[in-house]
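Here is how names work: the chains are called A, B, and so on, in the same order as the sequence lines, proteins then strands, and each is numbered from 1.
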Protein chains: 2
Amino acid sequence: MERVTESELAAWRSFIKAHARIIERIERDLAEQKKVPLTTYDVLIALFEAPDRKLRLGELTKKVVLTKSGLTRLVDRLEREGLLVREKSEEDRRGAYAVLTNLGEVQLRQAWPIYARGIKQYFAAPLSEDAIRQVEESMAVVYKHNNE
Amino acid sequence: MERVTESELAAWRSFIKAHARIIERIERDLAEQKKVPLTTYDVLIALFEAPDRKLRLGELTKKVVLTKSGLTRLVDRLEREGLLVREKSEEDRRGAYAVLTNLGEVQLRQAWPIYARGIKQYFAAPLSEDAIRQVEESMAVVYKHNNE
DNA sequence: CTAAAATAGTTGCAGGTTCAACAAAATTAA
DNA sequence: TTAATTTTGTTGAACCTGCAACTATTTTAG
């Protein structure tokens with residue numbers, strides 16, 4: 001593997017900085033409007049998109065940026081807040097599902113406009129349609145490349 | 001401000017996922033090789049690049065993804081580990097500089113090859129030169145757009 | 001069938017981060 | 001000059017996360 005080029009390093013640095021800024025801003029907006037933070041959003045949306053709005057915890061771990069113990073704790077909190085419930089698995093008695101509740105869905109819907117505005121404003125707005133397509137393409141390639 | 005398009009949302013999702021994966025992997029590599037983690041690296045490189053290899057804590061906060069209290073704690077740790085020292089400011093007696101030590105520079109140099117390999121392998125490798133240039137361009141635009 | 005190995009999820013513990021309140025010093029305004 | 005305001009950095013408390021060890025269950029090998 002060769003050395004990192006100047007151009008690659010420049011791309012990396014802007015990538016990192018842009019990411020940090022955007023996340024920071026979206027997170028701040030969500031907090032100001034008393035909406036669920038991004039990690040929670042990720043869990044809720046994953047459940048929302050899943051069949052029966054439920055997912056094994058193991059599946060959930062793959063969809064969010066958390067270790068399994070981290071997920072256990074997050075699910076604990078969300079269950080306490082009533083956004084989801086744990087449901088013991090029939091087939092595999094070691095396991096459990098997280099199931100989205102109505103309240104969870106409400107909070108998901110309420111957070112979305114804020115989140116969406118952030119994506120638009122902080123991420124998409126300054127880019128042309130073409131640039132957006134290129135970013136999507138490149139990031140998808142990179143993601144796949146790193147997906148075992 | 002209009003609605004987020006499908007294309008923008010797709011770009012956003014790959015962007016987020018790619019970022020998470022890459023950071024995860026680089027961080028793991030650094031830990032396995034007993035090198036300093038990324039946040040520490042960011043502080044050390046900022047100092048290394050600064051005149052006299054020192055920076056006011058306030059300046060440092062701007063260069064890393066940390067609040068000022070977070071930075072205070074990180075600087076505490078790095079000082080304990082001998083990677084930098086605090087130096088009281090003469091001009092402004094409220095403030096302090098963080099000054100890179102030799103050990104700090106050594107650790108910085110030792111971490112770089114691992115970090116660089118990660119950037120190359122997890123980020124740059126699957127992208128063409130052209131794609132890299134486009135990513136750099138887009139991310140720079142986005143960053144500037146969010147830089148007040 | 002049984003013993004060993006793998007898998008799902010939880011827990012104690014420690015580390016790292018933020019928020020809000022604070023102290024000290026510098027700046028501004030009256 | 002003095003009092004109010006702002007700025008710099010630190011601190012206590014709470015929160016969030018990961019690691020490693022653990023329990024319970026399922027799967028695999030012999």
query = What pairs with B:Lys68 under salt bridge (charged side-chain N to carboxylate O under 4.0 Å, His left out), at least two apart in sequence or on another chain?
reply = none
Rounded distance in Å - CZ (A:Arg93) to P (D:dT27) = 11 Å
Strand-adjacent residues in residues 32-43 of chain A, judged by heavy atoms under 4.0 Å from DNA chain C = none
request  = Using the test salt bridge (charged side-chain N to carboxylate O under 4.0 Å, His left out), find all partners of A:Glu59 that sit at least two apart in sequence or belong to another chain.
outcome  = A:Lys62
message = Are B:His145 and A:Phe123 packed together at the side-chain level, in the sense that at least one heavy-atom pair is separated by less than 4.5 angstrom?
response = no
request  = Report the residue (A:Leu66 or A:Glu90) whose heavy-atom-nearest nucleotide on DNA chain D is the more 5′ of the two.
outcome  = A:Leu66
inquiry  = Can you list everything that forms a salt bridge (charged side-chain N to carboxylate O under 4.0 Å, His left out) with B:Arg56? Sequence neighbours excluded, please.
reply    = B:Asp92
query = Using the C1' atoms of five pairs at each end, what's the angle between the two axes of the helix from C:dC1-D:dG30 to C:dA30-D:dT1, to 10 degrees?
reply = 30°
task = Please work out which residues in residues 45-55 of chain A have a non-hydrogen atom less than 4.0 Å from an atom of DNA chain C and list them by number.
result = none
message = Can you confirm whether A:Lys63 is buried at NZ, in the sense that more than 12 heavy atoms of other residues, nucleotides or ligands lie under 6.0 Å from that atom?
response = no
task = Check the surroundings of atom CD in B:Glu129: do more than 12 heavy atoms from other residues, nucleotides or ligands lie under 6.0 Å from it?
result = no
message = The criterion is ring-ring contact (aromatic ring centres under 6.0 Å, His included); which residues satisfy it with A:Tyr97, sequence neighbours excluded?
response = none
request  = Would you mind reading off the distance between A:Glu91 atom CD and D:dT26 atom P, rounded to a whole angstrom?
outcome  = 10 Å
ask   = Can you tell me if A:Glu136 uses its side chain to pair, donor with acceptor, with the backbone of B:Trp12 under 3.5 Å?
value = no
query = How would you label the contact of B:Leu74 with the nucleic acid (heavy atoms, under 4.0 Å): base, sugar-phosphate, or nothing?
reply = nothing
key: OP1 or OP2 of D:dG18 under 4.0 Å from side-chain N/O of B:Arg28   = no
query = Does some side-chain heavy atom of B:Tyr122 sit less than 4.5 Å from a side-chain heavy atom of B:Ile23?
reply = no
task = Could you please spell out the steps behind the side-chain contact (heavy atoms from CB on, under 4.5 Å) verdict for A:Val99 and A:Leu84?
result = CA-CA 5 Å; A:Val99 190; A:Leu84 55 77; 5.9 Å; no
note = Quick note, salt bridge (charged side-chain N to carboxylate O under 4.0 Å, His left out) partners involving residues 30-45 of chain B, not counting sequence neighbours, are B:Arg28-B:Glu32
Which pairs would a plain distance check flag for residues 44-53 of chain B, meaning a side-chain donor or acceptor within less than 3.5 Å of a matching protein atom at least two apart in sequence or in another chain?
{"from": "B:Glu49", "atom 1": "OE2", "to": "A:Arg13", "atom 2": "NH2", "distance (Å)": "3.2"}
{"from": "B:Arg53", "atom 1": "NH1", "to": "B:Glu105", "atom 2": "OE1", "distance (Å)": "2.3"}

query = Are A:Arg21 and A:Glu24 close enough, and set up right, to give a salt bridge (charged side-chain N to carboxylate O under 4.0 Å, His left out), and what steps lead you there?
reply = CA-CA 5 Å; A:Arg21 273 298 158 80; A:Glu24 203 170 57; 3.8 Å; yes
request  = Check side chain to side chain contact (heavy atoms under 4.5 Å, CB included) between B:Ser128 and all other residues, then give those that pass, not counting sequence neighbours.
outcome  = B:Asp130, B:Ala131
remark   = The first and last nucleotides of DNA chain C lying within contact of chain A, meaning any atom under 4.0 Å from one of its heavy atoms, run from C:dT7 to C:dC13
remark   = With sugar-phosphate taken as primed atoms, P, OP1 and OP2 and all else as base, the protein-contact string of nucleotides 2-12 of chain D at under 4.0 Å (heavy atoms; B, S, -) is -----BBBBBB
query = Relative to the ring of B:Tyr115, is the ring of B:Trp112 parallel (under 30°), tilted (30 to 60°) or perpendicular (over 60°)?
reply = perpendicular
